[in-house]
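Within every chain, numbering begins at 1; the chains are lettered A, B, ... in the order of the sequence lines, protein sequences first and strands thereafter. Not measured: the values here are computed from a predicted model.
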Amino acid sequence: MFNNEINMSVNIAGVEWKNPVTTASGTFGSGIEYSDFVDLNALGAVTTKGVSNVPWEGNQTPRIAETTSGMLNAIGLQNPGVDVFIERDLAFLKEFDTNIIVNVCGRTERDYCEVVEKLADNDVDMLEINISCPNVSEGGITFGQNCDSVESITKAVKKYAKQPIIMKLSPNVSNIGDIARAAEAGGADAVSLINTLTGSKIDIHRRKFELANKTGGLSGPAIKPIAIRMVYEVAKAVNIPIIGMGGIMNAEDAIEFILAGASAVAVGTANFTNQRATLEVIAGIYDYMKKYNVKDINELIGCVE
Amino acid sequence: MFNNEINMSVNIAGVEWKNPVTTASGTFGSGIEYSDFVDLNALGAVTTKGVSNVPWEGNQTPRIAETTSGMLNAIGLQNPGVDVFIERDLAFLKEFDTNIIVNVCGRTERDYCEVVEKLADNDVDMLEINISCPNVSEGGITFGQNCDSVESITKAVKKYAKQPIIMKLSPNVSNIGDIARAAEAGGADAVSLINTLTGSKIDIHRRKFELANKTGGLSGPAIKPIAIRMVYEVAKAVNIPIIGMGGIMNAEDAIEFILAGASAVAVGTANFTNQRATLEVIAGIYDYMKKYNVKDINELIGCVE
Amino acid sequence: MNNRRNVEIVDIKQLSSDVFSMWVKDEEIASNGKPGQFASLYCNNETRLLPRPISICEINKDEGLVRFVYRVVGKGTKEFSELKVSDRINILGPIGDGFNLEGKNVLVVGGGIGIPPLLELSKHLDGKKHIILGYRDEVFLDDEFKQYGDVYVSTEDGSSGTKGNVIDAIVANKLLEDNEIDMIFACGPTPMLRGLKDFANKNGIKAQISLEERMACGVGACLSCVCKTKEKDHHTHVHNTRICKEGPVFYANEVEI
Amino acid sequence: MNNRRNVEIVDIKQLSSDVFSMWVKDEEIASNGKPGQFASLYCNNETRLLPRPISICEINKDEGLVRFVYRVVGKGTKEFSELKVSDRINILGPIGDGFNLEGKNVLVVGGGIGIPPLLELSKHLDGKKHIILGYRDEVFLDDEFKQYGDVYVSTEDGSSGTKGNVIDAIVANKLLEDNEIDMIFACGPTPMLRGLKDFANKNGIKAQISLEERMACGVGACLSCVCKTKEKDHHTHVHNTRICKEGPVFYANEVEI
Ligand SMILES: Cc1cc2nc3c(=O)[nH]c(=O)nc-3n(C[C@H](O)[C@H](O)[C@H](O)COP(=O)(O)OP(=O)(O)OC[C@H]3O[C@@H](n4cnc5c(N)ncnc54)[C@H](O)[C@@H]3O)c2cc1C
Ligand SMILES: Cc1cc2nc3c(=O)[nH]c(=O)nc-3n(C[C@H](O)[C@H](O)[C@H](O)COP(=O)(O)OP(=O)(O)OC[C@H]3O[C@@H](n4cnc5c(N)ncnc54)[C@H](O)[C@@H]3O)c2cc1C
Ligand SMILES: Cc1cc2nc3c(=O)[nH]c(=O)nc-3n(C[C@H](O)[C@H](O)[C@H](O)COP(=O)(O)O)c2cc1C
Ligand SMILES: Cc1cc2nc3c(=O)[nH]c(=O)nc-3n(C[C@H](O)[C@H](O)[C@H](O)COP(=O)(O)O)c2cc1C
Ligand code: FES
Ligand code: FES
């Protein structure tokens, strides 16, 4: 399908991706379930659901609610813990010719470091540190809203990491550029954004919150304009590569992120609507490059005027 | 149409509204244009477009762009200045049996105070101070993202104001509760939220921003979940009344805001899609109260569980 | 399971004031679907991103047709109710793990919109079937069950059959006394399932129940649709199991409801 | 102007590879619409909130019909192109201030999708009409103009009429030399209008031009659709005028384009 004249590969912090498309953490499991629909070898990288040092139960249900052109989730980072993850999920993913990005979560700095340390000598290409989950009472977003804590947690995980570190930023901040600069100062090799925006929904008939957790994270096409703006601001603020996400439903959306300054993109909520969304995004970027005679995807990164 | 057994009137900082519905600033002009479609006497209040001390030219065009279930605007607060406003717009509005809320903008604290002072002895019921416009380089949002500046500008305008002051808050902040507390500490009589979220959109074919201003403010149903969450957080943080807005398209949406803690609501972008949206919201709230046998709208405020 | 596909509606009918029946042409589910499994139905209205899980009500293998019966409870099901013959809809399925076809003398118990999946089930069960259908007021689909077993109806308002709930109907009709029931199959609102779980336990009968939860992915990836479990779940390694993957049907004693 | 209303499509046809013609039943515009005015057309797809401004192309007063001719350039116009007879669409109008019907010997100049509004205009103008229609390549609507005046076509690729733009066609056909032109009416892309404004100035002819800008409210309230003006605008009190209210038609010398 792909013409060799067109280069879609990007280099993210020293890691070569065959194309700039990955999955957004938490929307694709560890790829196992989606491998019925998607040839994982076709993806630039697979980004896994958040993994913690021990198994997490997650939040009460209902954990999701639909909103206009978006959705709220408050899964609460349920996961089987890093040991099961390495044994089962990583073993599965290793069989594919794609990069593996493990999303890491924790309640304390120590938690994060423990996971990072355990993954250090495993077959993992990059680590994405989730300091932006709005759905847990400790950890997550509490690290991500303040420049000092972003810098210090970045430094902390960098001590243990053998893979490049992507800091995943929260959009629930006054100045995303400052936060990105703090991550860069802490030694981040890349940043990814945006995580979800904290939101809520009320059932007016029962007069109750739709989510057991009351609030959740808003994702989907509704938030794309905010994500584009933030990627653009971060691209001006830092020199490390950006993985852009937030509402990407198709190739046009992905290209918008790339033009705004993202070196790669992640497809999230779209997987729920269309299981093959990642593949369609890759094919659509290719078609766009062909149409406009762009020989190298790197020419497009951040070239908006 | 309305049964006397059902009370829809609310008291916002000492001002009695016949119902809890107003217009969101900037989406309804000064009511003149919409008076072809809407009997202004039916509204709880009319909130005007931002008014500054001198005429403002606003931004270059294109000033708007459509997004998925939302829109971006970067009007840049074009307005004829407070003197023309008093002479023409206020003279028009005074003829109606509704409350008049004048939205005030400025580049400096002095600018705001000048407008507030000029309006002090005019027939205006409330003043809404816009410290959250994302589309002007000075003033606007620069005041609204920091607790200290929110408190100090609130104090400053309170010195000149003879009407109750509503501080209009920006959602582009890490902690909206803190900002609301700062407004309350400064002497605000009420707060309104949310103003627009800063966003952007890129035309991938021309590789240019869709807005001349590059970024704009995102409004419409896309942002409602964020607005609901913020109203809920602010309701927990302060004791002054809240005017809620952000994506209200119909009565169900308005009721969600009221249940989250808003004492009144404003209809914005919806006016562009349906000129009579305000009236339909009022009628729909009435129907809801009737259906659930709610005798007084005040019973609904903040009663989500 | 195949990719999401755009299928044609070949028949759509209203069964009660808010319940609709729709037949679509889909070889995939018609060939591979099992009683108790469901499909993800997608809205044509683009503001609604998430699939609506709807159970397989009936399959016509020969003609490659699948039937869904659904109640209008919100915007998505409202949209589905307005579809017309030859309109198209996106679907994914068959999804999940359905009923195990076991038992020689069984109760098939449905409540409200939990009744439709039991129709295909009733076709496939061997042995004696006592079918108990509980409604609030308006009854639907009950006639179609009669060819597969003895049908007992309960209504909350007493307008048809036993006044009360499905357990009241079981008791009133002495179904346990007169039969050696060895399995209960149930689908319906959670309070009903909770009651039946207790009832089954008290009477020492095994029960298979079909659960509901909001779903985002429908394929086991997002962990939105979990239910608490008694033992640690083999997949999640916590006390949570995925309804869309390990369910929607579980043995009553495996799950906390 | 009446409220937004849901009107029926009575005819829809494709005029060229991307231009469509649609007649709708709407007494309001049919009775009160004037050449150069437009309507706000709303999308049925709920993800798109803003109206699409589309000019009145023709009015059939007797039957209460209005015609819109539009080019598919994005998602909204794509949606409109897929509408079928008896489908419905929400519209608001007539909006704005149209052409002033003046001049004894006039040029009516349209470029591309700026051509449609000139059809209703041509019907109403008295005096001699020289109608110049400029296209990139594919021509449309030109035949329908012939009953109202002399039609001259230009195409960028030279496939019909004069090769070049509308000014080339005016020059090539010696329209200024052979006539005492006292007014130019124009609608089309901004570069064309800019060229015509210069051309009109150079030749000392007055011109009315119809402008475009993105619109949110379409009723004069939001100030999204402004155009820079030479003098302070009477309404806005700055050098900006509202295209949806004071326009879309302006005397060329009043506006900065
Ligand atoms: C495995 C399974 C099988 C089902 N089978 C049937 C069936 O055969 N017939 C039928 O009428 N209904 C069935 N349901 C319930 C059906 O999925 C919901 O009624 C439907 O999703 C409501 O959609 P809505 O847009 O009308 O409601 P809304 O309330 O507007 O939906 C908002 C969101 O909540 C979700 N949601 C709302 N109610 C439920 C619910 N009860 N269960 C799961 N998600 C929900 C929707 O999918 C949507 O994402 C089943 C549910 C599950 C989990
Ligand atoms: C007064 C006026 C009269 C017009 N008359 C006609 C006509 O008779 N026939 C015709 O084909 N077109 C006409 N246009 C242009 C037409 O409005 C746009 O082509 C149309 O809005 C594009 O919508 P879309 O969803 O297909 O494009 P998209 O690019 O997807 O639209 C995105 C947004 O930008 C706006 N937009 C995009 N292009 C334009 C434009 N050129 N002018 C104004 N808004 C735009 C849309 O309304 C929408 O809000 C007119 C424009 C104006 C201002
Ligand atoms: C159901 C769900 C679960 C998520 N889980 C995680 C997670 O575990 N770790 C994380 O960093 N982000 C998580 N996210 C955030 C996404 O990775 C992504 O940043 C966000 O959804 C925006 O992208 P989208 O709009 O394309 O979905 C989750 C999002 C959703 C919808
Ligand atoms: C075109 C436009 C112009 C606006 N102008 C102003 C303004 O002058 N002052 C202000 O405080 N808010 C302004 N706003 C913000 C709205 O008042 C409101 O806070 C926001 O749009 C969210 O509500 P909505 O989603 O219902 O539109 C404007 C919004 C729009 C869309
Ligand atoms: S719906 Fe995603 S895991 Fe079940
Ligand atoms: S479109 Fe709102 S003022 Fe013209």
Peer 1: If you count heavy-atom pairs under 4.5 Å with chain B, which of A:P225, A:S170, A:G199 comes out on top?
Peer 2: A:P225
Peer 1: Looking only at non-hydrogen atoms, find the nearest pair between B:S69 and A:T68 and report the distance.
Peer 2: OG-CG2, 3.5 Å
Peer 1: Non-hydrogen atoms of chain A under 4.5 Å away: do they reach the side chain of B:L259, the backbone, both or neither?
Peer 2: both
Peer 1: Return the CG to CG distance between B:N146 and A:N175, rounded to the nearest 0.5 Å.
Peer 2: 11.5 Å
Peer 1: Which heavy-atom pair separates B:S174 from A:V173 by the least distance, and what is that distance?
Peer 2: OG-CA, 3.3 Å
Peer 1: Side chains of B:N172 and A:R229: does their closest heavy-atom pair fall under 4.5 Å?
Peer 2: yes
Peer 1: Show the nearest heavy-atom pair for residues A:C303 and B:R207, with the distance to one decimal.
Peer 2: SG-CD, 3.9 Å
Peer 1: State, to 0.1 Å, how close A:L218 and B:A222 come at their nearest heavy-atom pair, and which atoms those are.
Peer 2: CD2-O, 3.8 Å
Peer 1: Answer with side chain, backbone, both or neither: which region of B:F257 has an atom nearer than 4.5 Å to a non-hydrogen atom of chain A?
Peer 2: neither
Peer 1: Counting only non-hydrogen atoms closer than 4.5 Å, does B:L300 touch chain A with its backbone (N, CA, C, O), its side chain (CB onward), both, or neither?
Peer 2: side chain
Peer 1: Taking the side chain from A:Y288 and the backbone from B:I204, do they hold a donor-acceptor pair closer than 3.5 Å?
Peer 2: yes
Peer 1: Does A:V304 form a side chain to side chain contact (heavy atoms under 4.5 Å, CB included) with B:R206? I'd like the steps, not just the answer.
Peer 2: CA-CA 9 Å; A:V304 65; B:R206 300 186 310 122; over 6 Å; no
Peer 1: Where does B:T198 contact chain A at under 4.5 Å (heavy atoms): side chain, backbone, both or neither?
Peer 2: both
Peer 1: Return the minimal non-hydrogen interatomic distance between A:E256 and B:K201, and the atom names on each side.
Peer 2: OE2-CA, 3.4 Å
Peer 1: Examine whether an atom of B:I255 lies under 4.5 Å from a heavy atom of chain A, and if so say whether it belongs to the side chain, the backbone or both; otherwise answer neither.
Peer 2: both
Peer 1: For the atom pair CD1 (A:I202) and NZ (B:K224), what is the distance rounded to the nearest 0.5 Å?
Peer 2: 9.0 Å
Peer 1: Which residues pass the ring-ring contact (aromatic ring centres under 6.0 Å, His included) test with A:Y232, not counting sequence neighbours?
Peer 2: B:F209
Peer 1: Looking only at heavy atoms and a cut-off of under 4.5 Å, which of A:G247, A:G70, A:P221, A:A227 has the most pairs with chain B?
Peer 2: A:P221
